[in-house]
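Presented below is the structure to which this report refers.
All figures in this text were calculated on a predicted structure; none of them were measured in a lab. Residue numbers start at 1 and run along the sequence shown.
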Amino acid sequence: MADAQTPHGVAGTTERAGERGRTDVADRVAQRIATRAATEVPGSVRTGAGTARTGGNGSSTAEQARKVVGGAVDSVLGRGLPAVDCTRAGDRVRVHVHVAAVWPTPAADLAAAVRHHVRSRLQHLGGYTVDACDVTVDRYVLPHHDTGRRVR
């Protein structure tokens, strides 16, 4: 059973909060928060292994296989999107986010929305102070359309 905490330490101990230890958060945590946040913005799309959505209506099986293989290659080579470059110094962070946009989402609007959301998530989830959040729309992809064909 856990002891109740007091403002100066855990009840029943003589240790103060600063003497118990410290919490370190790995650098990749900020990168993962930013990557996830970038995918949560409408108009942004994840590309990479099995998720490439180029083309659309009437894609043949060979075309779909090419997309999956191309997505896997992109993922292995680190070309999947969103991609985040993150520099952290203590609680301060600078990020550069590369995203793919769904056609015809305006690039400037998407970049502003991604910048705002990534900054908000990093502050809320990681407790970081975001010094800079640069966003680059690297690619446009066509929306995935359901052709309506079904196996009956």
Side-chain angles (χ1 to χ4, degrees), residues 2 5 7 10 17-152:
Q5 291 191 358
V10 176
E19 298 169 347
R20 288 193 306 258
R22 65 179 194 185
T23 302
D24 286 330
V25 180
D27 290 347
R28 68 178 182 267
V29 171
Q31 187 175 13
R32 290 199 179 186
I33 290 171
T35 301
R36 177 61 188 236
T39 63
E40 294 173 346
V41 175
S44 173
V45 65
R46 180 182 293 269
T47 65
T51 59
R53 287 195 269 168
T54 57
N57 291 337
S59 296
S60 67
T61 303
E63 179 72 15
Q64 291 171 354
R66 187 187 63 76
K67 291 175 191 174
V68 170
V69 171
V73 170
D74 284 350
S75 182
V76 168
L77 296 177
R79 296 186 304 205
L81 296 172
V84 175
D85 299 321
C86 183
T87 305
R88 191 178 74 114
D91 291 341
R92 304 186 83 81
V93 66
R94 300 175 65 89
V95 293
H96 190 132
V97 183
H98 300 263
V99 296
V102 177
W103 180 261
T105 304
D109 293 347
L110 178 63
V114 168
R115 183 177 306 110
H116 173 75
H117 193 63
V118 166
R119 184 179 292 265
S120 171
R121 299 298 274 180
L122 283 169
Q123 289 171 343
H124 177 72
L125 296 175
Y128 298 109
T129 299
V130 181
D131 290 332
C133 181
D134 299 323
V135 178
T136 302
V137 178
D138 282 1
R139 191 179 312 165
Y140 267 106
V141 297
L142 296 174
H144 177 70
H145 294 287
D146 188 2
T147 60
R149 292 188 196 170
R150 301 276 189 247
V151 177
R152 295 180 194 237

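Listed here is the closest heavy atom pair of Arg46 and Thr39: NH2-CG2, 3.5 Å.
Partners of Thr136 according to the side-chain hydrogen bond (donor to acceptor under 3.5 Å, both in side chains) rule, which considers only residues two or more places apart in sequence or in another chain, are His96. In this view, Val25 and Val29, Tyr128 satisfy the side-chain contact (heavy atoms from CB on, under 4.5 Å) rule, not counting sequence neighbours.
Within the model, atoms CZ of Arg28 and CD1 of Ile33 stand 12.0 Å from one another, a figure rounded to the nearest 0.5 Å.
Sorted by first then second residue, the salt bridge (charged side-chain N to carboxylate O under 4.0 Å, His left out) pairs that include residues 81-104, not counting sequence neighbours, are Asp27-Arg88, Arg92-Asp131.
In this structure, Ser44 contributes its side chain and Ala38 its backbone to a donor-acceptor pair below 3.5 Å.
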I'd like a table of donor-acceptor pairs (distance under 3.5 Å, sequence neighbours excluded) in which one partner is a side-chain atom from residues 116-125, with atom names and distances.
from   : atom 1 : to     : atom 2 : distance (Å)
His117 : NE2    : Glu40  : OE1    : 2.7
Arg119 : NH1    : Val130 : O      : 3.0

Review item, side-chain donor-acceptor pairs of residues 98-114, under 3.5 Å, at least two apart:
from   : atom 1 : to     : atom 2 : distance (Å)
His98  : ND1    : Asp138 : OD1    : 3.4
His98  : ND1    : Asp138 : OD2    : 3.1
Thr105 : OG1    : Val102 : O      : 2.7

